[in-house]
Amino acid sequence: MSPAQLRMARVALRIGVRELASMAGVTTATITRYENERGGLLAATRDKIQITLESAGISFLADGDVAAGPGVSFRVEL
């Protein structure tokens, strides 16, 4: 999950930094710092945020999944 993907996922879900931080059990500063590309995330922290977003319906697309490069989409369950 890149910083851009994190921003895209939050916007797609229409949630703010505070709400995501609360949902994922991390600080708002952690999310803001990562989104603004002023620091990386520990693997465990990244996993907590990513799992939270995936639980809310986001799928992370890797480079090569779409012509435009990495991104996010809403997961469609059939």
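Note that the CD1 atom of I51 and the CE atom of M23 stand 12.5 Å from one another [nearest 0.5 Å]. The distance from the CG atom of L20 to the CG atom of L6 is 6.0 Å, given to the nearest 0.5 Å. Remark: T45 OG1 to Y34 OH distance equals 11.0 Å, nearest 0.5 Å. Within the model, atoms OG1 of T52 and CD of E19 stand 11.5 Å from one another, a figure rounded to the nearest 0.5 Å. Once rounded to the nearest 0.5 Å, the distance linking CG of L53 with CD of Q50 reads 8.0 Å.
Every residue two or more places apart in sequence or in another chain was checked for a side-chain contact (heavy atoms from CB on, under 4.5 Å) with S22, and none qualifies. Take R7 and apply the side-chain contact (heavy atoms from CB on, under 4.5 Å) test, not counting sequence neighbours, and it matches P3, A4, E35, E37. Listed by chain and number, the residues in a side-chain contact (heavy atoms from CB on, under 4.5 Å) with R38 are T32, R33, N36 (sequence neighbours excluded).
Minimum interatomic distance between F60 and E54 (heavy atoms only, all atoms of both residues): CD1-OE2, 3.7 Å. The two atoms that bring I58 and A12 nearest to each other are CD1-CB, 4.1 Å, heavy atoms only. Contact detail for L61 and Q5: the closest heavy-atom pair is O-NE2, 3.0 Å. Between V72 and A9, the closest heavy-atom pair is CG2-N, 4.0 Å.
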Working note: L41 + V26, criterion side-chain contact (heavy atoms from CB on, under 4.5 Å); need CA distance, chi angles, decisive distance, verdict. CA-CA 11 Å; L41 294 174; V26 300; over 6 Å; no
